[in-house]
Amino acid sequence: MAKDTWIGDIRAGQHDGAEVELKGWVHRSRGSNKIRFVVLRDSTGTLQCVVKRDAVGDEQFEAMKEALIESSVIVHGTVQATDREHGHEVQVSSLTIVGPVNPDRPFPITESAMEQADGGETEFLLDNRHLYLRTGRMTTMLKIRSTVFGAIHSYFRDLDFTEYQAPNFVAGAVEGGSTLFEVPYFGRKAYLTQSWQLYAEAAMPALERLYTIAPSFRAEKSRTRRHLTEFWHAEMEMAWSSNDDIMGHGEGVVRHIARSLLDENEAELSSIGRDLDLVANYADNPYPRMRYDEAVETLQGMGVEIEWGQDLDYSKEKVLTADFDVPHFLTHYPRVAKPFYHRPDPDDPKYVLCHDLLAPEGYGEIIGGGERTWSESEILERIDEEGNDREAYEFYVDIRRYGGVPHGGFGMGIDRVCTWLTGSDHIREVIPFPRDSRRVTP
RNA sequence: GCCGACAUAGCUUAGUUGGUGGAGCGGUGGACUGUUAAUCCACAGGUCGCAGGUUCGAGUCCUGCUGUCGGCGCCA
């Protein structure tokens, strides 16, 4: 039963002249009542199969004629190298329709629907997501996405980081003010996690260097092309490290992702129209670091209305990054603009030792991180300062009572990185079943 | 939470100052032995999102509702 012949291999010339058994789905079918050209699709590509009535007999020929788009079929035939469009085709000797498609409900996704969506993902394509995944564009995105996940794992594992899992049911918030998804929990309230960070800090004295790839949940009613309510979060935490050390790894992992895409998915990137030189730029060049104050001065110099102490919102990030040709780090935000766990700068406690990584081309923030407040007295002071409940963070504070050390980490929005590196118009383009404030189905 | 758009066949859409809703794709039937979004002929397919209102007459104008999309804020 197992499949052993793949369209990608045939197109690479590995089966020229050979008899093959090919399993796949009908992508297109056309022809006359004596000869049909069936473009077959599998996970590795498409290939034209030539079905002649004389070769397969009336019964199989009629069956093929009736097989609609996305019918699953097994064909036997001979691989032939040709000068025609696909380079290779299969001369079919026999075929079986495995799973037919009902003509009352034909495959509903048309070229015009996809062109019109232009990556914008119409309601129809979102409703029929299980079928949209089969289209070339979505299949390509899923392959690129897989490379990105693999690259994150290989970056951290090659540097002896340990992969570590935090709970997804939690009792309290990480981000001050962010909205949590509340779930019933045996008569109590629990929440879906927004970040593994607090639990990562708990394991930091044990593992010293740790990372995770996990979903995070935020109940924000955001209506933008860069937000999901469930997104994939790559996070790392490291003992004995400074803000600069952490940024080094943020830059390292992003450049490694860009390099991996060039090494493994050049054809896929080209097929969705991505400029490879841009991606190479992101892989090969260092990412500059700029202090918050500098950014504010730059913006003020450009005539943007901004006061010191304000967080930089997306519209300001966009103005700031307009001329950037690689991602830039923004560091040393005002203490008042950031949550309690950021460590105040010992040289000037008006600031915290933190960083955001801003992607170019207007894609916005892809990483947020920095040093953590690590002494008991300082963390209590910061919790009180923000009016948080000490009790809710008891275990978090307790970590610091047993050999606290300087440490830090970051969180990276993997879906945002995928959106940016593929040059996509919308974060929904790079995840199979996107979740936002208005959609949990299919 | 705030602001702004949109809703016509399975899909993508046209529809002029209000006057009998068209097309392409897809489907069905037929023709065709080398097609590349194949081509050609024919047929089927519509509560114009829902509910009211104005009018002799509403897909078109007005009100409300629902849904969807985009932007802001917040963030990754």
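In what follows, every chain begins at residue 1, and chains take the letters A, B, ... in the order their sequences are listed.
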Sugar-phosphate or base contact per nucleotide [nucleotides 7-12 of chain B; S, B, -; heavy atom under 4.0 Å] | ---BSS
Could you tell me which residues satisfy ring pair (Phe, Tyr, Trp, His ring centres under 6.0 Å) with A:Phe329, sequence neighbours excluded, listed by chain and number?
-> A:His355
Side-chain donor/acceptor pairs under 3.5 Å, residues 141-148 of chain A, sequence neighbours excluded:
unit_1	atom_1	unit_2	atom_2	d
A:Lys143	NZ	A:Ser43	O	2.6
A:Arg145	NH1	A:Asp415	OD1	2.8
A:Arg145	NH1	A:Val430	O	3.1
A:Arg145	NH2	A:Asp415	OD1	3.1
A:Thr147	OG1	A:Lys143	O	3.3
A:Thr147	OG1	A:Asn265	OD1	2.4

Pull out every residue in residues 303-325 of chain A that has a heavy atom closer than 4.0 Å to any atom of RNA chain B, ordered by number, or say none.
-> A:Asp311, A:Asp313, A:Tyr314, A:Ser315
Review item, side-chain donor-acceptor pairs of residues 10-20 of chain A, under 3.5 Å, at least two apart:
unit_1	atom_1	unit_2	atom_2	d
A:Arg11	NH1	A:Thr46	O	2.8
A:Asp16	OD1	A:His88	NE2	2.9
A:Glu19	OE2	A:Thr78	OG1	3.1

Scan the side chains in residues 102-110 of chain A for donor-acceptor partners under 3.5 Å anywhere in the protein, sequence neighbours excluded, and list what turns up.
unit_1	atom_1	unit_2	atom_2	d
A:Asn102	OD1	A:Asp104	N	2.8
A:Thr110	OG1	A:Ser112	OG	3.1
A:Thr110	OG1	A:Ala113	N	3.3

What's touching nucleotides 40-48 of chain B from the protein side, N or O pairs under 3.5 Å?
none

Pull out every protein N or O sitting under 3.5 Å from an N or O of nucleotides 37-39 of chain B, one pair per line with the distance.
unit_1	atom_1	unit_2	atom_2	d
B:A38	OP2	A:Arg30	NH1	2.2
B:A38	N6	A:Gly31	O	3.1

Heavy atom of residues 252-260 of chain A under 4.0 Å from RNA chain B: which residues?
-> none
Phosphate-side-chain proximity, A:Asn33 and B:G30, N/O vs OP1/OP2 below 4.0 Å | no
Indicate, with yes or no, if the rings of A:Trp308 and A:Tyr351 have centres closer together than 6.0 Å.
-> yes
Of the residues in residues 36-61 of chain A, which ones touch RNA chain B at a heavy-atom distance under 4.0 Å?
-> A:Phe37, A:Gln48, A:Val50, A:Lys52, A:Asp54
Name all residues meeting the ring pair (Phe, Tyr, Trp, His ring centres under 6.0 Å) criterion together with A:Phe324; count only those two or more places apart in sequence or in a different chain, and write none if there are none.
-> A:His328
When you get a sec, tell me which of B:A76, B:G27, B:U35 is the closest nucleotide to the side chain of A:Arg416?
-> B:A76
Per-residue pairing states of RNA chain B in dot-bracket (Watson-Crick or G-U under 3.5 Å; . unpaired, | other strand) read (((((((..((((.....[..)))).(((((.......))))).....(((((..]....))))))))))))....
